[in-house]
Amino acid sequence: MKVILPDSTELELPDGATGLEAARAIGPKLAEQAVLVRSNGRVQDVRLPLAEGQPIQFLTTRDTSDPDALSVLRHSAAHLLAEAVRRLYPGVKVAIGPPIENGFYYDFQFPEPIREDDLERIEAEIDRELEEGRSWEREEISAAAAKQRFLEENEPYKVELVATAEGPISLYTQGGFTDLCRGPHLQDSAPIKAVKLTSLAGAYWRGDERNTQLTRIYGTAFYSQADLDAHLERLEQAKTRDHRRLGLQLDLFHFDEHSPGSPFWHPKGMTIFNTLEELRRRENRRRGYHEVKTPLIYEKALWVTSGHWDKFRENMFLIPLDDGHEYAIKPMNCPGHMLLFGSALRSYRDLPLRYAEAAPLHRDELAGALHGLTRVRHVTQDDAHIFCTREQIDSELDGTLVYLRYVYGLFGLEPRAELSTRPDNKLGTDEEWDFTEGALIQALDRHEIDYFVGEGEGSFYGPKIDLHMTDVLDRSWQLGTIQLDAQMPARFGLTYMGADNHEHPVFVIHRAYFGSFERFIGILVEHYAGAFPFWLAPVQLRLIPVAENHREAVHALRTRVEADGFRVDVDEREETLGKRVREAEVEKIPFTVVYGDKESDEALAVRERGGEQSTRSLEALLVDFRAEVATIGT
RNA sequence: GCCGGAGUAGCUCAGUGGUAGAGCAGCGGUUUUGUAAGCCGCGUGUCGCGGGUUCGACUCCCGCCUCCGGCUCCA
């Protein structure tokens, strides 16, 4: 047989040769260092036979930052962890232990709960294993033999995994520990130079909260101690951009235990909020939306009609009254907008009708799910509902996608798009979902938007196009969403009178681009690391009088710049100039003007965020400011 | 909600049974400042909340709340 090497030469090998045999044919050093074989973008264990005629590339212990090479290293480290835990905690049951982004984990069922202190002990045991050295043996056996083996070892989770496994069953053994595992793995533990166990957490077996909760140990591993140190340093660095930390430092918002999950917006944070709100209003107006306001609290009957009582009640704040009535604070605007639409007879001439509302919503999120601004109970969506005919769906979806591109483009955000399809608890028939999902897919295709499919991730009333962004801690959050809904208008009996003098069903597109102001601002804080673009910055210009006798001139300057609609403040504290300049920098204010004996309206000492200094006239500065704001197309 | 960790001054944190501490911030004074921290002085506190053990609890025990890292769930 033949394989093709990266320099396009062909390598002749005996039939059925493995990657390891190919490596030996090239050189003993390569055979020793090979950790993986990559072929056509896929990686496989060096112990497995190669495919005839395919290009191959070896990943070695020197490819220390290749994601695949790191992944196999970490996967093997996970097995070392399991070996160590089995030795230290007799009676422990092992579940699964895959590599993940930036590390690995392994799930166990411990006979007695363990604590974070135990990690140190386990880590020491892993280090001991590494010192002794481990090598991995691979074998393939039948499912029946594997089941028998894990029954004998009293490993019920492995038995269950064998039962649902597809394809041939492979086992990897090192240091007397045999694991059911698809691989690939290292040949030897020597390249594992640094292993660190990072945290302990509960995790449900197979990700289902009805199952037993296992104990998950997270860790990471690298080909060198220096790489591990650099990784830990990056994590520390990321923390400095965390919106929760910057929110306090920049005086944007805070949280208080008297209302968990609901931010208190400080004046500076509110400036950002309101600036986004103005943007939303302006663009909605340009694109034919009508702003409305609907009630915050509704009687139970409304939620029954909308389906929320059945599908969403656990997330709603309920208000039982003495008279036996039950109310709930709205978690979404849609039912209110349904009532608004239904409050009059609608003609085909009225459609499409686009209602926009950024009302505060409340969702009773699980306490453990709350997270800064990105997961709150007080949610303000930049919400809108487009009521349209079946024929108008495509063009309305086009409008929402053009709008979507505009919004994300303003911030230079590049979210990932997800098509979220019918969930288990859906309303309506499969035929209806075929239609609504199909309409979203076609819209994505028309706009050449790449997306991945989230099976069963749709809302109970319709499929969605969701936009996701990751935060500094690599957590993914859903921001915008575009949802096509045939269910809710039907449940509210919404129709319009067609040109044919007959009633026709109405469709609704639910859409939001920020998703929620709260989450969006959280993501923006991290995206800009607190250094907001001029148009969004809470304070755009800080004025610093050099000495007391310059205050009057500075106040006049302030009045003049504010008259042009810019946000200015003055730092006239009796602190040294150096200190006040430093604080303006720490507060990430885009422009600072120092004003002393040498300055006049014709010659201002301008300092930009980052330290660049220049001299500009007041008029020139205002021209620059107007140009900055023009970037968002006012 | 579940697993693990934490809660001490406005912020970041030290303090492990015997009278609560540091840096920054703040306040008072001094300096009148030229582009990232001038100098001197002052501790500002129900040690998250409630109960218990003890002669004595920030410290030990129990319950609760909140936050942090995960799981589950979601904008």
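The shown structure was predicted, so the numbers you read here are calculated from the model rather than taken from an experiment.
- Closest heavy-atom contact between A:Asp251 and A:Lys268: O-CB, 3.6 Å.
- Of the candidates B:U33, B:A75, B:U35, the closest approach to any side-chain atom of A:Gln613 belongs to B:U35.
- No donor-acceptor pair closer than 3.5 Å links the side chain of A:Glu518 to the backbone N or O of A:Thr374.
- Taking only side-chain nitrogens and oxygens, A:Arg216 never comes nearer than 4.0 Å to OP1 or OP2 of B:G4.
- Here, B:C40 and B:U31 have their P atoms 15 Å apart, quoted to the whole Å.
- Remark: aromatic rings of A:Tyr106 and A:Phe108 are close, center separation under 6.0 Å.
- Of the residues in residues 461-477 of chain A, those placing a heavy atom less than 4.0 Å from an atom of RNA chain B are A:Lys464, A:Leu473, A:Arg475, in numerical order.
- Shown are A:Arg281, A:Arg280, A:Arg287; of these, the salt bridge (charged side-chain N to carboxylate O under 4.0 Å, His left out) with A:Glu283 is made only by A:Arg287.
- Applying the Watson-Crick and G-U wobble criteria (two distances, each under 3.5 Å), B:A25 pairs with B:U44.
- Remark: A:Arg519 is not in phosphate contact with B:C74, judged by side-chain N or O atoms under 4.0 Å from OP1 or OP2.
- Between the side chain of A:Arg607 and the backbone N or O of A:Val594 there is no donor-acceptor pair closer than 3.5 Å.
- The listed nucleotides are B:U32, B:G5, B:G34; the one nearest the side chain of A:Glu548 is B:U32.
- You'll find that the side chain of A:Val379 is closest to B:A75, out of B:U35, B:A37, B:A75.
- Put simply, A:Arg580 has no side-chain N or O that comes within less than 4.0 Å of OP1 or OP2 on B:U35.
- With B:G48, B:G5, B:U35 as the choices, the nucleotide that has an atom nearest any side-chain atom of A:Glu257 turns out to be B:G48.
- Of the candidates B:U72, B:G4, B:A75, B:A75 carries the atom nearest the A:Val376 side chain, counting heavy atoms from C-beta on.
- Distances from the side chain of A:Gln381 to the nucleotides B:U35, B:A75, B:C71 place B:A75 closest.
- Side-chain N/O atoms of A:Thr576 include one lying less than 4.0 angstrom from OP1 or OP2 on B:G38.
- Side chains of A:Asp107 and A:Tyr157: no donor on one and acceptor on the other come within 3.5 Å.
- OP1 and OP2 of B:C24 both lie 4.0 Å or more from every side-chain N or O belonging to A:Lys579.
- Side-chain contact check for A:Arg511 and A:Tyr289: at least one donor-acceptor pair (N or O, by modelled atom type) lies under 3.5 Å.
- Counting only heavy atoms from C-beta on, A:Glu365 has its side chain closest to B:A75 among B:U33, B:A75, B:A36.
- The listed nucleotides are B:C65, B:U30, B:G26; the one nearest the side chain of A:Arg573 is B:G26.
- A donor and an acceptor atom sit less than 3.5 Å apart, one in the side chain of A:Arg375 and one in the base of B:C73.
- Candidate nucleotides B:G70, B:A37, B:U72 were compared by shortest atom distance to the side chain of A:Ala201, and B:G70 ranks first.
- One cannot find a donor-acceptor pair under 3.5 Å joining the base of B:C3 and the side-chain atoms of A:Gln213.
- Relative to the side chain of A:His371, the nucleotides B:C73, B:G70, B:G69 differ in distance, and B:G69 lies closest.
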